[in-house]
Amino acid sequence: MFLFSDFVVSLMKDPSRIHGQIKLSLEYQRGALLVLVLHAVDLACPNGQPPSPYVKTYLRPDTSRLTKRKTRVVRRSKHPSFMEMIEYRLPLDMIRQRMLQISVWHHDPLQENSFLGGVSIPLSDIPLEKEMTETYTLTNLTTST
């Protein structure tokens, strides 16, 4: 019998079990970085069941967690559509010194939430003055979320 906790442990021990992609739109306008979380595809399925995913974002480094944001949970979907705007009101020169960390989590009301994958995006490399939509492959993050 394969238990949910076995799935979480196996993801942490074997990052190759992390898979899927997330599509984001990024743009800096009117004094804010706008992160539109569009959708994810092909997420890992805990215990053979579709996950109930949500997305967490941070601007790293962030020792105080002031930049932590979350989307709503999409119930039982391996291919969730979020369509949620996350806003960071910071000057562009500060934004360019940060890394946008995106992580996808499975919400479990009875147990600890489990990590499904993530991506770190260096904002210094992106032309934020115009909207950029990109699909990112989810991987194992080395920084704690």
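Just so it is clear, the values below take in all heavy atoms, side chains as well, and ignore hydrogens, waters and symmetry mates.
By the side-chain contact (heavy atoms from CB on, under 4.5 Å) test, P91 pairs with D93, M94, sequence neighbours left out. Scored by the salt bridge (Lys or Arg N to Asp or Glu O under 4.0 Å) test, R76 finds no partners at all (sequence neighbours excluded). Residues passing the salt bridge (Lys or Arg N to Asp or Glu O under 4.0 Å) test with R72, sequence neighbours excluded: E84. Listed by chain and residue number, D62 satisfy the side chain to side chain donor-acceptor pair (under 3.5 Å) test with T67 (two or more places apart in sequence, or in another chain). For Y88, the side chain to side chain donor-acceptor pair (under 3.5 Å) criterion is met by T57, not counting sequence neighbours. By the salt bridge (Lys or Arg N to Asp or Glu O under 4.0 Å) test, E87 is found to be paired with R89, residues two or more places apart in sequence or in another chain being considered. Under the side chain to side chain donor-acceptor pair (under 3.5 Å) criterion, Y54 pairs with N113, not counting sequence neighbours. In this structure, the salt bridge (Lys or Arg N to Asp or Glu O under 4.0 Å) partners of K78, at least two apart in sequence or on a different chain, are D42. Contacts of P61 classified as side-chain contact (heavy atoms from CB on, under 4.5 Å), with partners at least two apart in sequence or in another chain: R98.
Closest approach of V73 to S52, counting heavy atoms only: CG1-O, 3.6 Å. Between L26 and L128, the shortest heavy-atom contact is CB-CD2, 4.2 Å. Contact detail for I18 and G117: the closest heavy-atom pair is CG2-CA, 3.5 Å. When all heavy atoms of V74 and S81 are compared, the closest pair comes out as CG2-O, 3.8 Å. The shortest heavy-atom contact between P50 and S77 is CB-N, 3.9 Å.
For the atom pair CD1 of I102 and NZ of K56, the computed distance is 12.0 Å after rounding to the nearest 0.5 Å. Interatomic distance, L116 CG to H19 NE2, rounded to the nearest 0.5 Å: 9.0 Å. Taking OH of Y28 as the reference point, atom CG of L90 lies at 7.5 Å (rounded to 0.5 Å). Put simply, OG1 on T71 and CH2 on W105 are 13.0 Å apart, with the number rounded to the nearest 0.5 Å. Distance check: L92 CG to Q97 CD gives 10.0 Å after rounding to the nearest 0.5 Å. The CD1 atom of I121 sits 4.0 Å away from atom OH of Y136, with the distance rounded to the nearest 0.5 Å.
Although no hydrogens or angles enter the test, the distance criterion places a donor-acceptor pair under 3.5 Å between the side chain of R96 and the main chain of I126.
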Full working for side chain to side chain contact (heavy atoms under 4.5 Å, CB included) between V55 and I86: CA-CA 11 Å; V55 176; I86 294 171; 5.6 Å; no

V41 and T135: CA distance, side-chain angles, deciding distance, side chain to side chain contact (heavy atoms under 4.5 Å, CB included) verdict: CA-CA 10 Å; V41 294; T135 300; 5.8 Å; no

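Using a 4.5 Å cut-off on side-chain heavy atoms (C-beta onward), H106 and P53 make no contact. When side chains are defined from C-beta on, S120 counts as touching L141, because their heavy atoms get closer than 4.5 Å.
A donor atom on one side chain and an acceptor atom on the other are found under 3.5 Å apart for E131 and S25.
Cluster partners of M85 are L34, L36, L38, M83, counting Ile, Leu, Val, Met, Phe, Trp and Tyr whose side-chain heavy atoms approach within less than 4.5 Å, directly or via other members.
Applying the salt bridge (Lys or Arg N to Asp or Glu O under 4.0 Å) rule to pairs touching residues 18-34 yields nothing, sequence neighbours excluded.
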